[in-house]
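Report on one structure; see the data block that follows.
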Amino acid sequence: MVRLITHNMLACHVKNCTKDNFPLAFSEVELVIRPAPENLDFIQRFLPKLDWSALVDTARSLGDETLPEQMPEQWSEDQLKALHHVLMEMHVEEGNMTCRGCGHVYPISNGIPNMLLAEHEVGR
């Protein structure tokens, strides 16, 4: 399952694709919300690893408007719960992730993204 916590770290690695290769854009998605146990301490410790702008843009592209435009300096419990929902409970089961730089499409089937590249697409 592609959760947004994972998606926030995926970039295109096609040979010579170095511009606008993150974040990958979702299209034709089947989005499923699956409740997950809250671990707000984990979410708080994970904050420095997030690309906030990419996360907010992606969440909004999937219909979630709960995250603020700018990352808060101080987090309330409600804000952490909203972030937990976006990172851990939103699952893309089917669809595509497309690189904005080169247009390469990474299909998602049964919640698993196919990030494999053909031999001619791999940089050496």
Side-chain angles (χ1 to χ4, degrees):
M1 66 200 107
V2 179
R3 295 181 190 172
L4 295 196
I5 194 168
T6 304
H7 176 265
N8 195 254
M9 297 182 185
L10 296 176
C12 182
H13 292 288
V14 170
K15 180 169 63 175
N16 298 325
C17 183
T18 57
K19 186 174 185 214
D20 208 15
N21 64 346
F22 174 85
L24 301 173
F26 282 119
S27 63
E28 302 174 28
V29 300
E30 177 187 325
L31 183 67
V32 176
I33 305 299
R34 288 203 179 102
E38 285 181 357
N39 185 341
L40 301 183
D41 288 336
F42 169 78
I43 297 295
Q44 209 156 17
R45 287 192 312 272
F46 201 80
L47 288 171
K49 296 174 175 51
L50 292 174
D51 183 311
W52 186 256
S53 176
L55 178 64
V56 170
D57 289 347
T58 300
R60 290 182 178 169
S61 78
L62 295 173
D64 188 287
E65 302 278 335
T66 60
L67 300 179
E69 192 71 34
Q70 300 295 320
M71 184 186 285
E73 290 185 27
Q74 297 294 319
W75 287 82
S76 70
E77 186 173 342
D78 286 343
Q79 288 172 317
L80 287 171
K81 287 180 179 186
L83 182 57
H84 162 82
H85 171 74
V86 168
L87 291 176
M88 306 301 285
E89 297 182 333
M90 294 176 69
H91 299 258
V92 176
E93 291 294 318
E94 303 288 334
N96 296 306
M97 296 183 297
T98 304
C99 176
R100 293 178 174 114
C102 71
H104 187 81
V105 176
Y106 298 93
I108 303 166
S109 180
N110 295 316
I112 301 170
N114 182 348
M115 301 298 290
L116 297 175
L117 299 173
E119 190 172 331
H120 70 279
E121 297 171 318
V122 178
R124 297 195 190 252

Please tell me if the side chains of Leu117 and Lys15 come closer than 4.5 Å, counting only heavy atoms from C-beta onward.
no

Gap between atom CE of Met88 and atom OG1 of Thr6 - 0.5 Å precision
8.0 Å

With side chains defined as the heavy atoms from C-beta onward, is the minimum distance between Leu67 and Gln79 less than 4.5 Å?
no

When you measure from the side chain of Asn114 to the backbone N and O of Pro107, does any donor-acceptor pair fall under 3.5 Å?
no

Kindly indicate whether the side chain of His91, heavy atoms from C-beta on, has any atom under 4.5 Å from the side chain of Arg3.
yes

Test Asn8 against Phe46 for side-chain contact (heavy atoms from CB on, under 4.5 Å), laying out the working first.
CA-CA 12 Å; Asn8 195 254; Phe46 201 80; 5.9 Å; no

At what distance, to the nearest 0.5 angstrom, does SG of Cys102 lie from CG of Asp20?
10.0 Å

Look at the side-chain heavy atoms of Ile, Leu, Val, Met, Phe, Trp and Tyr, link any pair under 4.5 Å apart, and say whether Ile5 and Val32 land in one connected group.
no

Is there a side-chain contact between Leu31 and Phe26, using heavy atoms and a 4.5 Å cut-off?
no

His84 side chain to Leu40 main-chain N or O, any donor-acceptor pair under 3.5 Å?
no

Does Lys81 pair with Glu89 as a salt bridge, N-O distance under 4.0 Å?
no

Flag yes if Ile112 and Met9 sit in one hydrophobic cluster, no otherwise; membership is Ile, Leu, Val, Met, Phe, Trp, Tyr, and two members link when side-chain heavy atoms are under 4.5 Å apart.
no

Leu62 and Val92: CA distance, side-chain angles, deciding distance, side-chain contact (heavy atoms from CB on, under 4.5 Å) verdict
CA-CA 9 Å; Leu62 295 173; Val92 176; 4.2 Å; yes

Under a single-linkage definition using a 4.5 Å side-chain heavy-atom cutoff for Ile, Leu, Val, Met, Phe, Trp and Tyr, are Val86 and Leu47 assigned to the same hydrophobic cluster?
yes

For Cys12 against His104, the heavy-atom pair lying closest together:
SG-CB, 4.4 Å

If you look at every heavy atom in Phe22 and Asp51, which pair is closest and at what distance?
CE2-OD2, 3.3 Å

Any sub-3.5 Å donor-acceptor pair from Thr58's side-chain atoms to Ala54's backbone N or O?
yes

Carefully, step by step, assess Val29 and Val2 under the rule side-chain contact (heavy atoms from CB on, under 4.5 Å).
CA-CA 11 Å; Val29 300; Val2 179; over 6 Å; no

Could you check whether Thr98 and Asn96, counting side-chain N and O atoms only, form a donor-acceptor pair closer than 3.5 Å?
no

Can you hop from Ile33 to Leu83 via hydrophobic side chains spaced under 4.5 Å?
yes

Atom CE of Met97 and atom OG of Ser27: how far apart are they, to the nearest 0.5 Å?
10.0 Å

Side chains of Val14 and Asn21: closer than 4.5 Å at any heavy-atom pair?
no

Checking side-chain contact (heavy atoms from CB on, under 4.5 Å) for the pair His13/Met115: CA distance, chi angles, key distance, verdict?
CA-CA 9 Å; His13 292 288; Met115 301 298 290; 5.7 Å; no

So for atom CD, which belongs to Glu65, do other residues, nucleotides or ligands contribute more than 12 heavy atoms lying within a distance under 6.0 Å?
yes

For Pro68, is there any backbone N or O sitting under 3.5 Å from a side-chain donor or acceptor partner on Trp52?
yes

Evaluate the criterion side chain to side chain donor-acceptor pair (under 3.5 Å) for residue pair Thr66 and Asp64; output intermediate values, then yes/no.
CA-CA 6 Å; Thr66 60; Asp64 188 287; 2.5 Å; yes

For residues Leu87 and Phe42, determine if any side-chain heavy atom of one lies less than 4.5 Å from a side-chain heavy atom of the other.
no

Linked, directly or transitively: Val105 and Val122 (ILVMFWY side chains, under 4.5 Å):
no

